[in-house]
Structure formats: structure tokens, C-alpha cells
Trainee: 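Take a look at this one; I'll ask things after.
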Amino acid sequence: NPYAGAVTLRIPVIELPGKGGLNLTLPAYYSTETYNRTESASIATHVASIDSMDHLGGTGWQFHFGKVFNPAGGASPNSPLVVMPDGSTRMLYTSSQHAGELISEDRWRYKLNTSTGRWELTDTRGNVYEFADRVGIERALSYRGEVIAQCVKVTDVFGNTIDATYASGLIQTITDTFGRTVQFNYV
């Protein structure tokens, strides 16, 4: 980004072809603008974060399966902020068309599934990302004390799934529809 002077880099860590196009892809992402938001008047901006799941490879590096800052948030400036594994972000806003839902600028829909207790983010292709925030497992706290819910499952329109498990806020395993499991160990 020559305007802001930002540098970004994505390095594929895992790329496994999946069933029906639901590929297991998990990159390590580097940015001079790692994401955590701060609020000013009416604009949410992103500043460098110091979250436990970030910077595993050094300052600026992120490695995660997807996360939502302030998952139960409401109207701005407390709106949830989604950060996908590739580093892309989506601020969520109150939906005027669907009661109880939030929506991103690119029409991704977000709501609480009361039967599972998980937050669901549905993209424009119909893929559903489930975010959980059980204390000590999928929940982490940012350096500012914001709750961070982590992606625990992705389901495509054909019912194919990718599941993730966590320990102390870090990815432990990812399992796809074929039953292939990738296990992570941290030193």
C-alpha cells in the first residue's frame, strides 16, 4: 500500500485440496499493520496488536483460522470486527433487513445461533464460519481486554466441513471432510 506505506505478505503454510471446493488453506500473514481496532468518534481504525495468537513468527506475523473481536458487540463503535486467516477484515454493522443480524459491507451476514451458542458468519457463497468463545479454549483476550472468538468450524453449501480445536487460544488441530488432521505444536 504505497499510500499508507504498509507492507503485507501471505505465505501458505497449509494448502490441501478439499471436497466440493472447500480447500483447507491456512496462510501465515505478515503486515506492518496488524489488526486490532481502536475507536475514535465514529470511525473504527486498526492499529498494531499484541494478541497472544499473533506474532508467533515475530512482530507483525499472524497465524490463525479466523477470529472475531468483540463477538457479542452491537452498534458502532463496539461492532464486531472479523479477521480472516488471510488478514482481510470485515467490520459488522446492524442489518436493517434482518432482525438480530449484523452485516458487512460486502454482504457477509453474522448472527448468534442460539441452539449451538456459536456466532455464525455466512459469506456470499453460502459458506458458514462458526466462531466460539468458550473461556480458556476458543476465547482469547486482546491486549486491551476485548474478547476474541475463534473460528471452530467452516461448512460449505454441500455440507463439507473443516473443524479446528484450540488450547490456550492457539490452534491445536484442523480436520477436514476427508478426515485428514493437521496437528500443530508450539515451542
Side-chain angles (χ1 to χ4, degrees), residues 1 3-4 6-10 25-56 59-113 116-125 127-154 162 164 166 168-171:
N1 179 345
Y3 178 74
V7 176
T8 59
L9 177 66
R10 290 177 184 86
T25 304
L26 190 63
Y29 174 84
Y30 173 81
S31 176
T32 56
E33 298 178 314
T34 53
Y35 297 98
N36 199 330
R37 67 163 193 245
T38 59
E39 313 302 345
S40 63
S42 62
I43 300 172
T45 57
H46 302 143
V47 297
S49 76
I50 310 172
D51 296 325
S52 61
M53 67 195 83
D54 294 345
H55 313 304
L56 292 174
T59 300
W61 285 97
Q62 294 188 42
F63 182 69
H64 57 82
F65 193 53
K67 56 188 176 181
V68 179
F69 287 85
N70 194 23
S76 183
N78 298 316
S79 300
L81 173 69
V82 177
V83 183
M84 298 306 286
D86 65 358
S88 63
T89 62
R90 287 169 176 80
M91 183 64 72
L92 300 169
Y93 304 95
T94 303
S95 172
S96 61
Q97 298 176 350
H98 305 279
E101 289 189 1
L102 299 176
I103 194 164
S104 69
E105 290 179 355
D106 55 353
R107 312 295 291 165
W108 288 32
R109 295 169 56 182
Y110 179 81
K111 66 178 181 175
L112 176 63
N113 181 328
T116 64
R118 293 181 176 173
W119 297 96
E120 294 181 350
L121 179 70
T122 305
D123 68 18
T124 53
R125 295 173 306 200
N127 297 325
V128 178
Y129 302 83
E130 296 180 28
F131 295 88
D133 68 350
R134 290 180 292 174
V135 175
I137 301 172
E138 293 95 8
R139 176 184 281 187
L141 294 177
S142 74
Y143 77 102
R144 294 180 35 195
E146 289 179 300
V147 171
I148 303 171
Q150 299 187 80
C151 186
V152 295
K153 186 174 193 170
V154 179
I162 298 174
Y166 297 83
S168 301
L170 298 172
I171 301 170

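One-based numbering along the sequence shown.
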Trainee: Which distance, rounded to the nearest 0.5 Å, do you find between the CE of M84 and the NE2 of H64?
Mentor: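 M84 atom CE to H64 atom NE2 measures 9.0 Å (nearest 0.5 Å).
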Trainee: Quick one, R90 and Y110 - any side-chain contact, counting heavy atoms below 4.5 Å?
Mentor: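 Sidechains of Y110 and R90: no contact.
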Trainee: Taking atom CZ of F69 and atom CG of L92, what is their separation to the nearest 0.5 Å?
Mentor: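 It comes to 13.0 Å.
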Trainee: For R107, check salt bridge (Lys or Arg N to Asp or Glu O under 4.0 Å) against everything at least two apart and list the hits.
Mentor: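 Checked R107 against salt bridge (Lys or Arg N to Asp or Glu O under 4.0 Å); zero matches.
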Trainee: Is there a side-chain contact between I103 and Q97 (heavy atoms, below 4.5 Å)?
Mentor: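 They are not in contact (no side-chain heavy atoms under 4.5 Å apart), so the answer is no.
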Trainee: Could you give the distance from CG (L121) to CD (E130), rounded to the nearest 0.5 Å?
Mentor: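 Spacing of CG (L121) from CD (E130) equals 11.0 Å.
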Trainee: Quick check for you: to the nearest 0.5 Å, what is the distance between I171 atom CD1 and Y166 atom OH?
Mentor: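 It is 5.0 Å, given to the nearest 0.5 Å.
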Trainee: P27 and D86: which non-hydrogen atoms are nearest, and at how many Å?
Mentor: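 It is CG-CA, 4.0 Å.
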Trainee: From F65 CZ over to C151 SG, what is the distance, rounded to the nearest 0.5 angstrom?
Mentor: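 It comes to 5.0 Å.
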Trainee: Do T122 and W108 come within less than 4.5 Å of each other through their side chains, counting heavy atoms only?
Mentor: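 The answer is no, as the side chains (C-beta and beyond) never meet within the 4.5 Å cut-off.
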Trainee: Quick one: side chain to side chain donor-acceptor pair (under 3.5 Å) partners of S104, sequence neighbours excluded?
Mentor: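 Counting only residues at least two positions away or on another chain, S104 forms a side chain to side chain donor-acceptor pair (under 3.5 Å) with D106.
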Trainee: Supply the atom-to-atom distance I162 CD1 to N127 CG, rounded to the nearest 0.5 angstrom.
Mentor: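 Between atom CD1 of I162 and atom CG of N127 there are 9.0 Å.
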Trainee: Check side chain to side chain donor-acceptor pair (under 3.5 Å) between N113 and all other residues, then give those that pass, not counting sequence neighbours.
Mentor: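 For N113, the residues satisfying side chain to side chain donor-acceptor pair (under 3.5 Å) (neighbours in sequence not counted) are S115, E120.
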Trainee: Over all heavy atoms of both residues, which pair between M91 and S79 is shortest? Give the atoms and the distance, please.
Mentor: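 Of all heavy-atom pairs spanning M91 and S79, the closest is SD-CB, 3.6 Å.
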Trainee: Is there side-chain contact between P71 and F131, with at least one heavy-atom pair below 4.5 Å?
Mentor: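 Counting from C-beta outward, P71 and F131 never come under 4.5 Å.
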